[in-house]
Each structure stands twice: as structure tokens, then as C-alpha cells.
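Taking it in order: structure first as C-alpha cells, then the write-up.
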Amino acid sequence: MRKLQNHELDRLSIAAFKKADKLPVILVLDNIRSLNNIGSVFRTADAFRIEKIILCGITATPPHKDIRKTALGATESVDWDYQKSTLKAVKTLQGAGICAVAVEQAENAMMLQSFTPERDRKLAFVFGNEVKGVGQDVVSACDHVVEIPQYGTKHSLNISVSVGMVVWDVWVKSQ
């Protein structure tokens with residue numbers, strides 16, 4: 001088996017990416033501290049043609065060298081916006097008919113493998129701070145809470161890993 005070269009991967013140009021159909025998903029980042037995590041989220045969003053990222057609170061915004069280091073250009077392809085308040089961003093999305101889903105460990109949370117997105121309804125997944133998670137006010141405001149099952153000794157996953165798992169799950173279920 002031969003490893004493919006980059007020129008053989010037939011990837012979209014940025015202009016073609018902007019025009020391409022997107023997965024009807026918005027990623028909302030609630031007070032993310034790590035610039036490398038933010039860059040990784042951009043790369044995942046690019047890989048699966050996510051519609052948009054909303055950066056909230058203390059979450060840094062492009063251009064920034066540490067975001068750029070892990071995003072590898074995805075800040076140019078993926079649409080993004082900044083909102084000071086995560087709660088206000090979620091309520092605005094819901095007002096537009098978008099289903100808000102917190103990714104968090106919470107009472108009565110649905111396990112990710114059991115979550116089935118509604119057909120023809122756009123989703124906004126909210127991912128929280130590396131230490132504190134998604135703010136309680138935001139969790140309470142969301143339409144659903146989804147939990148990624150874990151079976152080891154740790155209490156959480158890295159946010160960029162969580163984003164990848166959730167986006168992959170939604171991608172597979174949408175095909």
C-alpha cells in the first residue's frame with residue numbers, strides 16, 4: 001500500500017470550499033482557553049465542511065499565530081463569528097430555528113451513540129471550557145445535552161477530541 005501525496009488527495013480550493021454544500025452544523029466554543037484547541041477545531045470543521053464556528057467569551061479569534069499553527073489554513077476556509085456571550089449566541093441560534101445541543105456530562109444527558117439528529121434541522125453543538133465545561137446557564141438553555149461515553153479513570157476528553165467525535169458521529173448519521 002502506497003501513501004498518497006498531498007497533490008493526489010483532490011482537495012477543494014478555498015473558493016470551492018466556500019461554495020460547497022456544508023454539513024448543517026454550527027460549532028459554538030464556550031470560553032476555550034487553548035489556542036491550539038481552537039485551531040484544531042477549525043481543522044476538523046474544514047475536514048467535514050461544517051457551516052460555521054462561533055467563538056464566545058474568552059475564546060481567542062483568528063488571526064493568531066498559535067491558532068494558525070494547528071488550523072493549517074482552515075481559518076481561511078471555515079466561516080466564523082465572535083459573540084461575547086455564549087448564552088446570547090445560543091438563544092439567537094434557537095430563535096432562528098436551530099437546535100442547540102450542549103456536549104456535557106449532565107443529569108439526563110443522552111449518550112452520543114443514542115442521539116439521532118432531526119432531519120432537515122440545523123444543529124449547533126456547544127463545547128465548553130477545558131476545565132469548567134459548558135456554563136450551566138448555557139446547558140440549561142440548550143434543547144438537548146449529549147454526553148460522550150467514557151470508561152476510564154479521567155473525567156473528560158480534550159475539547160478538540162470531543163469536537164472530532166461529535167462531528168464524525170453527526171457526519172455518519174447524516175449520510
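Throughout, numbering of the chain's residues begins at 1 and tracks the sequence.
- Contacts of Lys22 classified as salt bridge (charged side-chain N to carboxylate O under 4.0 Å, His left out), with partners at least two apart in sequence or in another chain: none.
- For the atom pair NZ (Lys65) and CD1 (Ile67), the distance works out to 11.0 Å, reported to the nearest 0.5 Å.
- Here the side chains of Lys52 and Val25 are not in contact, with every heavy-atom distance at 4.5 Å or above.
- The closest donor-acceptor contact from the side chain of Thr59 to the backbone of Ile32 lies under 3.5 Å.
- Side-chain atoms of Glu104 never come within 3.5 Å of backbone atoms of Gln136 as a donor-acceptor pair (strictly under, hydrogens ignored).
- Other members of the cluster containing Ile58 do not exist, because no ILVMFWY side chain is joined to it at under 4.5 Å.
- Put simply, Phe48 and Leu157 are part of the same group of oily side chains (I, L, V, M, F, W, Y) that touch within less than 4.5 Å, one to the next.
- For residues 33-42, the pairs satisfying side chain to side chain donor-acceptor pair (under 3.5 Å) are Asn37-Glu130, Asn37-Asn158, with sequence neighbours left out.
- Distance alone, capped at 3.5 Å, places no donor-acceptor pair between the Asp143 side chain and the Cys99 backbone.
- Of all non-hydrogen atoms in Phe127 and Phe125, the two that sit nearest each other are CE1-CB, 3.5 Å.
- Annotation: side chain of Val146 is not in contact with side chain of Val166 (no heavy-atom distance under 4.5 Å).
- Not counting sequence neighbours, Glu76 has no partner by the side-chain hydrogen bond (donor to acceptor under 3.5 Å, both in side chains) test.
- In plain terms, the two heavy atoms of Arg68 and Pro63 that are nearest each other are NH1-CB, 4.4 Å.
- Glu51 pairs by the salt bridge (charged side-chain N to carboxylate O under 4.0 Å, His left out) definition with Lys122, not counting sequence neighbours.
- Summarising the geometry of Leu35 relative to Ala60, their closest heavy-atom pair is CD2-CB, 3.0 Å, with the distance given to 0.1 Å.
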**Request:** Please step through side-chain contact (heavy atoms from CB on, under 4.5 Å) for the pair Leu29 and Cys56, ending with a clear verdict.
**Result:** CA-CA 6 Å; Leu29 304 187; Cys56 300; over 6 Å; no
**Message:** Run the side-chain contact (heavy atoms from CB on, under 4.5 Å) test on Val101 and Cys142 for me, step by step, so that the C-alpha distance in whole Å, both residues' side-chain angles and the decisive distance to 0.1 Å come before the verdict.
**Reply:** CA-CA 6 Å; Val101 182; Cys142 283; over 6 Å; no
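- Separating the NZ atom in Lys132 from the OG atom in Ser156 is a distance of 14.5 Å, to the nearest 0.5 Å.
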Extract all donor-acceptor atom pairs below 3.5 Å that involve side chains of residues 106-121 and protein atoms in other chains or at least two apart in sequence.
unit_1 : atom_1 : unit_2 : atom_2 : d
Glu118 : OE2    : Arg121 : NH1    : 3.3
Arg121 : NE     : Gly97  : O      : 3.1

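- Contact of the Arg49 side chain with the Leu12 side chain is registered, since non-hydrogen atoms from C-beta on lie closer than 4.5 Å.
- For Pro62 against Phe42, the heavy-atom pair with the smallest separation is CG-CZ, 3.9 Å.
- Partners of Lys18 according to the salt bridge (charged side-chain N to carboxylate O under 4.0 Å, His left out) rule, which considers only residues two or more places apart in sequence or in another chain, are Asp79.
- For Gln105, there are no side-chain hydrogen bond (donor to acceptor under 3.5 Å, both in side chains) partners two or more places apart in sequence or in a different chain.
- In this structure, the separation between OG on Ser85 and CG on Asp137 is 7.5 Å, given to the nearest 0.5 Å.
- At least one donor-acceptor pair under 3.5 Å links the side chain of Tyr82 to the backbone N or O of Gly57.
- Hydrophobic clustering, defined by side-chain heavy atoms of Ile, Leu, Val, Met, Phe, Trp and Tyr closer than 4.5 Å, groups Val90 together with Ile26, Val28, Ile54, Leu87, Leu93, Ile98, Val126, Val134, Val138, Val139, Val145.
- Residues passing the side-chain contact (heavy atoms from CB on, under 4.5 Å) test with Ser77, sequence neighbours excluded: Ile14, Phe17, Asp46, Ala74.
- Using a 4.5 Å cut-off between side-chain heavy atoms of Ile, Leu, Val, Met, Phe, Trp and Tyr, Val131 forms no hydrophobic cluster with any other residue.
- A distance of 8.0 Å separates CG of Leu123 from NE2 of His144, quoted to the nearest 0.5 Å.
- Applying the salt bridge (charged side-chain N to carboxylate O under 4.0 Å, His left out) criterion to Lys173, with sequence neighbours excluded, gives Asp169.
- Checking Glu8 against Asn6 by side-chain atom types alone, no donor-acceptor pair falls below 3.5 Å.
- Residues Gly39 and Thr70 share a closest heavy-atom pair of CA-OG1, 3.1 Å.
- Interatomic distance, CG of Leu27 versus CG of Leu55, reported as 10.0 Å (0.5 Å rounding).
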